[in-house]
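Below is one structure, written out as structure tokens; the observations come after it.
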Amino acid sequence: MRLALEGSFRRAFLVAPGLLLAAAPAYAQKLPLPEKDIAALAQELSGETAKRNLEGIARFHRQRGSEGFRSAADLVAERARAYGLSDVAILDFPADGKIFYGTQRSRPAWDAESGELWDVKANRKLASFEAEPVALAEDSESADVTAALVDVGQGTKDADYAGKNVKGKLVLTSAQPGAVQELAVGKLGAAGIVSSAQNQRTAWWGEDENLVRWGHLDSFSPHKTFAFMVSLKTARALRERLEKGEEIRLHATVKAGRHPGKYQIVTATIPGAQLKEEEIAFSCHLDHQRPGANDNASGCVTILEVGRTLQNLIGEGKLPRPARTLRFLWPPEIEGTTTLLNARPDLVARIKAVVHMDMVGGGPVTKAVFHVTRGPASLPSFVHDVAWAFAGFVNDESYRYAATGSADHPLAAPEGGKEPLLAQDSPFTGGSDHVVYQDSSFRIPAIYLNDWPDRYIHTNFDTAANIDPTKLLRAAFIGAASGYVLANSSRSDWTSRPAADGPPGAGPAGLVYRRKPEPKGPMTVFGYDYFADHAKAAKIATPKLFQERAIPEAPRAPETGGPEDYAYEILNFADGKRTVQQIRDAVSAEYGPVDVALVGEYLKALAAIGVLEQMR
Ligand SMILES: [Zn+2]
């Protein structure tokens with residue numbers, strides 16, 4: 001069938017909910033899926049089944065390449081087999097710190113056996129890896145150290161260390177361990193790090209003093225060290241004692257380290273019928289700190305629930321087998337996806353579109369807003385309208401249910417909430433695996449379902465208790481319906497060229513660049529920045545685009561419009577046809593005005609490190 005998803009179709013979902021209450025439930029007929037299929041999905045999908053799987057995954061500290069990740073991968077593969085999915089496998093790709101997969105320098109595996117931090121005089125345990133693995137920063141190395149603690153504030157600049165001797169001591173920092181490693185350990189000889197870094201900035205930032213945040217050291221730093229993560233409350237108490245002139249001696253013991261290992265990616269399929277060589281992929285990311293319930297056990301179990309549901313309905317004859325194959329992927333975030341798409345060009349050729357889920361289960365306590373996020377302006381596609389059609393439907397049905405107590409498809413889980421979904425139709429934001437698919441090396445359109453904000457992201461309080469089975473059920477419905485429709489779509493034009501370009505410009509603004517076939521992937525990946533590393537090696541100064549306040553303030557959607565967003569799209573727009581001026585105009589339309597000279601300088605630097613070639 002051919003889908004009619006343009007203009008009037010989308011506008012059908014922009015009517016006020018009040019009008020819909022009075023109207024006949026005819027809007028369901030405008031969906032690109034018959035009512036009987038919608039009812040079949042709504043009846044089979046289960047938020048409780050998804051949440052029970054989430055409770056299993058959330059037990060594991062799922063660092064890339066670690067035993068905890070392997071345990072989570074085994075759990076997912078076992079469930080996928082039990083559900084009857086096909087081609088279930090755990091794919092292995094060596095990761096040793098040297099091998100590159102496109103723009104991703106593989107990070108060696110990291111495992112920890114134990115880690116404890118004690119306040120010697122008070123005889124008090126401040127942190128324990130066994131009890132709360134988040135307490136030991138990723139990439140910590142073995143140590144047994146008793147030393148004094150020195151407060152260095154942020155600890156990210158020389159001035160923070162003025163008049164302080166940190167050699168052989170432990171530094172107390174409010175920044176991420178990786179941000180002070182070079183200076184405190186490499187240059188000044190500190191023995192280790194204690195960090196109270198806070199989670200990502202939202203309205204609730206810094207308010208809960210009990211949160212312990214996931215911490216990271218630099219995966220490639222030559223300055224081996226360790227770092228313990230403590231709460232704001234613990235850090236404040238230590239600071240107060242230090243300010244009074246007390247000497248605090250801490251005893252740190254760590255058994256941990258990096259080692260050659262592998263990226264592991266769980267995969268499974270539901271084979272298609274007529275077009276089985278083509279695929280629609282369901283994606284998520286399986287790694288992160290324990291518990292990591294919303295980020296991102298939620299996305300993992302929701303695509304798993306999509307797989308279970310579609311497999312059952314197809315097996316029972318309640319849904320026809322889709323034309324295209326459905327593929328399910330559970331990789332470590334961004335680095336796993338960049339690895340897969342570089343190591344498996346056969347999959348890049350087969351995958352036509354992606355439904356990516358990263359944080360889809362946050363209940364009211366997380367303050368999450370659910371987003372159905374569109375692709376970047378460099379890669380327009382109708383797939384986002386398909387996703388929004390179903391999200392708008394769930395918004396309407398769930399509001400009708402909340403407001404009146406009845407709806408045809410309330411999609412409310414028995415153990416979950418009854419609040420309306422209130423999903424937002426959101427412009428492109430980065431921050432997860434969908435940026436890899438939509439990079440100009442791959443050009444695969446990706447629907448992105450995601451919560452933001454989440455006040456507990458990346459902390460020990462991102463727990464299963466915060467997860468709402470109703471939310472999982474609704475995300476699963478939007479994902480399953482969208483993926484199933486795309487798997488049957490008769491369209492072959494998955495992406496379209498963006499709107500007409502402006503005048504070509506002259507001089508440096510008239511230059512044209514084209515992406516080289518290698519390396520494939522976005523410049524900023526996980527724990528590694530291909531551009532920064534290669535520009536440094538080539539002695540190219542940091543482009544002005546990345547300097548603070550280089551881009552004047554402009555109206556922007558939340559979470560977009562930082563230098564990295566401009567950089568991502570500038571590279572994506574370099575297609576061998578657009579001039580520097582036209583790229584400047586396109587990225588300005590997307591994020592806000594930027595000086596053409598900044599765009600030209602960044603493109604020139606990309607050409608100098610061999611990512612682009614200059615055409616004219
Ligand atoms: Zn995350």
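No experiment lies behind these values; they were computed from the predicted model shown. Heads up: numbering here begins at 1 and tracks the sequence. Both counts, for ligands and for their atoms, begin at 1 and track the order of listing.
Salt bridge annotation for K536-D533: absent, with no cationic side-chain nitrogen under 4.0 angstrom from a carboxylate oxygen.
Under the 30°/60° scheme for interplanar angles, the aromatic rings of F228 and F226 are found to stand perpendicular.
Between H288 and the options Q63, H458, R64, a side-chain hydrogen bond (donor to acceptor under 3.5 Å, both in side chains) holds for only H458.
Using modelled atom types, one finds no donor on one side chain facing an acceptor on the other under 3.5 Å when comparing S66 with H61.
The Zn ion (ligand 1) has an N, O or S atom of D295 under 2.8 Å away, backbone or side chain. Distances from the Zn ion (ligand 1) show that H285 has no N/O/S atom below 2.8 Å.
At the Zn ion (ligand 1), the angle from NE2 in H458 to NE2 in H288 is 100° when rounded to 10°.
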